Chemist: 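Let me begin by handing over the structure; questions about it come next.
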Amino acid sequence: MAKKLQVFISSTFTDLRDERQGAVQGVLLAKHIPAGMELFSAGDASQLEVIKDWISESDIYLLILGARYGSIEPKSGVGYTEIEYDFAVKSGMPYFALVLSDAAVANKRRLGLVPEEDEKTVARLKTFRDRVLSKSSRLVEDPKDIQLYALQSLHEFEKRPSLKGWVRPDDVGNLGPLIAQIRSLTDDNAKLKERAQDATAKPGPDLSVLDKKVKLTVEEQHEGGRGSYWRTTGTYEITWRQLFGVMAMKMLGPANDDHLRGQVGCHFTNNSSWLKARVLEHDWETVKAQFLKLEFVDLRYSETIAKSMALFWHLTPLGKQVGILVRSELS
C-alpha cells in the first residue's frame, strides 16, 4: 500500500526562504508530506509545545542550518531551532541536516540577505553548527542541492519498515492478512531493525558531483573509398547534471546501451541517426561508472527482440526522480 511520510522542516525563516522552498519541493517530488511552523510566532511557550507536538507526530525531522542562529527562547536562553533539533534527536526520530557551506553563507552576507546578530549569538551558531556537522548532515551550496538531497534522503528513509507514515483508508483493504503477517514477523523484528540501521548508516552518493564538468569525445561514421569508418569529430564539455538530464528521459523504459551511446553522441553533433554518431568507448565507460556510483541506474544484460543478448540501462527510483527534476531545469 502507498505510504506517505510526514517531514518536519526546521530552520530560521527570513534568511532561508528559498532553501525551505527547495526542501518542500524535494519532499513533494518524493510524494511525501512537508510540515513546518511558518505560521507560528516565536516567543510563546504554548507555541513551542505545539511545535514539539508537530515534530512528535511527524515521521522524519529535517534541519536546514544557515547563517543565523535565530530567535532565542527566553527561559532557557537557547534558540528555537536548536531546541527543535535537540528534541527530535533525543526523541530518537529519524533525522538529517543540511548545512549551508561557508561559501554559501558568505554569499548571503555579501548580498545583504542575513540580518546582523551580536557576537554572543554568532558564537552560539558556530557551536550549534559544529555539533550538527558532527552527526547526520551534509554541506549544501544552494536550494537545488537541498532539493536533490531531500529526494535522496527520503529515498533511503522509505526503506525503513519501522516508519508508520500516512495511508489512505481506502488503500488499507482487508487488514486480516496484514495483521497475520505482522504477527509472523515478530520474532524477526530485532534482526530487521539491525538491517535497516545498517542500510541507513551507509553513506549515500555524493550529489555535489552533478555540478562538475566532464569532457566527452564524440566520433562519427563516414564513408570513404574503402567503405565506412569512424573518425573523431570533437570533444565536448558538459556538467553531469546536464548530461543526466539529456539521458534520463530516454531511459523511462529499458534503454539499449549502444542505442543510448549513439543518442548522446547525436546530442553533440548534427547527426540525426544514433547509428552515425557515438561517444568514444573510454568516455562512455566513465559515464556508466559515474551514474552507477550515484545509484541513478542499473545495468544488466537482457534478451533482445532478435533473441540476442544486449546490455540495457534501467533508471532506479532515485534516478527517475532526479532525472525528472534536472530535465525540467533544461526546459
Side-chain angles (χ1 to χ4, degrees), residues 141-142 144-145 147-149 151-152 155 202-331:
E141 299 293 335
D142 54 37
K144 288 182 180 179
D145 279 352
Q147 192 171 2
L148 285 172
Y149 282 129
L151 270 171
Q152 177 198 352
H155 172 68
K202 177 184 175 182
D206 181 9
L207 297 184
S208 63
V209 73
L210 287 176
D211 290 316
K212 295 181 180 179
K213 293 183 178 181
V214 58
K215 291 182 179 180
L216 300 179
T217 298
V218 176
E219 52 186 4
E220 295 182 83
Q221 191 175 51
H222 296 269
E223 298 296 332
R226 298 182 180 180
S228 62
Y229 64 95
W230 290 91
R231 185 177 69 190
T232 299
T233 55
T235 298
Y236 305 88
E237 194 171 65
I238 189 172
T239 66
W240 288 108
R241 182 192 300 271
Q242 293 168 331
L243 180 59
F244 194 64
V246 170
M247 296 173 60
M249 294 301 100
K250 305 180 190 303
M251 291 188 284
L252 292 179
N256 181 286
D257 181 61
D258 288 336
H259 193 171
L260 188 59
R261 178 184 173 190
Q263 286 181 311
V264 174
C266 288
H267 175 76
F268 296 105
T269 67
N270 293 323
N271 267 307
S272 58
S273 171
W274 65 271
L275 293 169
K276 297 292 185 180
R278 65 188 183 188
V279 177
L280 202 66
E281 183 175 7
H282 175 272
D283 293 351
W284 189 240
E285 294 299 321
T286 301
V287 172
K288 290 180 186 177
Q290 185 64 270
F291 290 139
L292 281 170
K293 182 180 179 181
L294 289 170
E295 300 177 9
F296 289 173
V297 300
D298 288 324
L299 298 177
R300 52 184 180 267
Y301 283 91
S302 302
E303 189 176 55
T304 67
I305 297 176
K307 303 299 181 182
S308 61
M309 298 300 292
L311 184 65
F312 285 85
W313 293 60
H314 302 259
L315 283 174
T316 64
L318 174 62
K320 184 176 181 180
Q321 291 173 337
V322 174
I324 293 173
L325 174 63
V326 297
R327 182 62 189 182
S328 67
E329 295 173 355
L330 297 177
S331 300

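This one's a predicted model, so the numbers in the text were calculated from it and none came from an experiment.
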Chemist: Evaluate the side-chain proximity of V214 to V287: yes if any heavy-atom separation is below 4.5 Å, no if none is.
Modeler: no

Chemist: Run the side chain to side chain contact (heavy atoms under 4.5 Å, CB included) test against H155 and tell me which residues pass, sequence neighbours left out.
Modeler: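 Expected list: E158, K159, P317, L318.
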
Chemist: May I ask you to decide whether K288 forms a salt bridge with D257, counting only side-chain N to carboxylate O separations under 4.0 Å?
Modeler: yes

Chemist: Tell me if a side-chain donor or acceptor on Q242 pairs with a main-chain N or O of T239 at a distance below 3.5 Å.
Modeler: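 Yes; at least one donor-acceptor contact below 3.5 Å.
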
Chemist: Going from CD on Q221 to NZ on K276, what distance comes out if it is rounded to the nearest 0.5 angstrom?
Modeler: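 Output value for this atom pair is 4.5 Å.
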
Chemist: To the nearest 0.5 Å, how far apart are CH2 in W313 and CZ in R261?
Modeler: 11.0 Å

Chemist: Is the CD atom of E281 crowded by more than 12 outside heavy atoms at less than 6.0 Å?
Modeler: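 Check fails, neighbour count at 12 or below.
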
Chemist: Shortest non-hydrogen contact from C266 to S273?
Modeler: SG-O, 3.1 Å

Chemist: Would you mind checking if E220 and R231 are paired as a salt bridge, meaning a charged N to carboxylate O distance below 4.0 Å?
Modeler: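 Salt bridge: no.
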
Chemist: If only atom types and distance count, is the side chain of S308 paired as donor or acceptor with the main-chain N or O of T304 below 3.5 Å?
Modeler: no

Chemist: The test is side-chain contact (heavy atoms from CB on, under 4.5 Å); show your working for T269 and Y236 and say whether it passes.
Modeler: CA-CA 10 Å; T269 67; Y236 305 88; 4.2 Å; yes

Chemist: Less than 4.5 Å apart, side chain to side chain, heavy atoms only: is that true for V264 and M247?
Modeler: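 Contact flag for V264/M247 side chains = yes.
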
Chemist: Begin with the C-alpha distance, continue with both residues' side-chain angles, and end with the deciding distance and a verdict on side-chain contact (heavy atoms from CB on, under 4.5 Å) for V326 and K144.
Modeler: CA-CA 10 Å; V326 297; K144 288 182 180 179; over 6 Å; no

Chemist: Quick one: side chain to side chain contact (heavy atoms under 4.5 Å, CB included) partners of K215, sequence neighbours excluded?
Modeler: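 By the side chain to side chain contact (heavy atoms under 4.5 Å, CB included) rule, K215 matches T235, E237.
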
Chemist: So, D283 side chain and V279 main chain: donor-acceptor pair closer than 3.5 Å or not?
Modeler: no

Chemist: What do the steps show when you test I238 against K213 for side-chain contact (heavy atoms from CB on, under 4.5 Å), and what is the final call?
Modeler: CA-CA 5 Å; I238 189 172; K213 293 183 178 181; over 6 Å; no

Chemist: Considering non-hydrogen atoms only, spot the tightest contact between A255 and L260 and give its length.
Modeler: CB-CD2, 4.4 Å

Chemist: Could you check whether any side-chain heavy atom of V218 comes within less than 4.5 Å of a side-chain heavy atom of T232, counting everything from C-beta outward?
Modeler: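 Answer no - side chains too far apart.
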
Chemist: Any pair with a residue in residues 315-326 that passes side chain to side chain donor-acceptor pair (under 3.5 Å), sequence neighbours left out, goes on the list, sorted by first then second residue, please.
Modeler: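 Residue pairs passing side chain to side chain donor-acceptor pair (under 3.5 Å), neighbours aside: none found.
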
Chemist: Would you check, one step at a time, whether the test side-chain contact (heavy atoms from CB on, under 4.5 Å) holds for L325 with Q147?
Modeler: CA-CA 9 Å; L325 174 63; Q147 192 171 2; 3.2 Å; yes

Chemist: Might you point out which heavy atoms bring G265 and A277 nearest each other, and give the distance in Å?
Modeler: C-CB, 4.0 Å

Chemist: What residues, two or more places apart in sequence or in another chain, satisfy ring-ring contact (aromatic ring centres under 6.0 Å, His included) together with F312?
Modeler: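 Partners of F312 under the ring-ring contact (aromatic ring centres under 6.0 Å, His included) test: none.
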
Chemist: Can you list everything that forms a side-chain hydrogen bond (donor to acceptor under 3.5 Å, both in side chains) with W240? Sequence neighbours excluded, please.
Modeler: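 So W240 forms no side-chain hydrogen bond (donor to acceptor under 3.5 Å, both in side chains) with any residue.
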
Chemist: Can you tell me how far CG of L275 sits from OG of S228, rounded to the nearest 0.5 angstrom?
Modeler: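 The OG atom of S228 sits 11.0 Å away from the CG atom of L275.
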
Chemist: Find the distance between CG (D298) and CG (L292) and round it off to the nearest 0.5 Å.
Modeler: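 CG of L292 is found 7.5 Å from CG of D298.
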
Chemist: Under the side-chain hydrogen bond (donor to acceptor under 3.5 Å, both in side chains) test, which residues partner D211, sequence neighbours left out?
Modeler: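 Expected list: R241.
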
Chemist: For the residue pair F244 and F291, does the interplanar ring angle fall in the parallel (under 30°), tilted (30 to 60°) or perpendicular (over 60°) class?
Modeler: tilted

Chemist: Is R278 positioned over the aromatic face of W230, cation under 6.0 angstrom from the ring centre and no more than 45 degrees off axis?
Modeler: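 Verdict for W230: a cation-pi partner in R278.
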
Chemist: Could you tell me if the side chain of D258 sits less than 4.5 Å from the side chain of L311, heavy atoms only?
Modeler: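 They are not in side-chain contact.
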
Chemist: Once you round to the nearest 0.5 Å, how far does CG of L280 lie from CD of E285?
Modeler: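 Atom-to-atom, L280:CG and E285:CD are 10.5 Å apart.
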
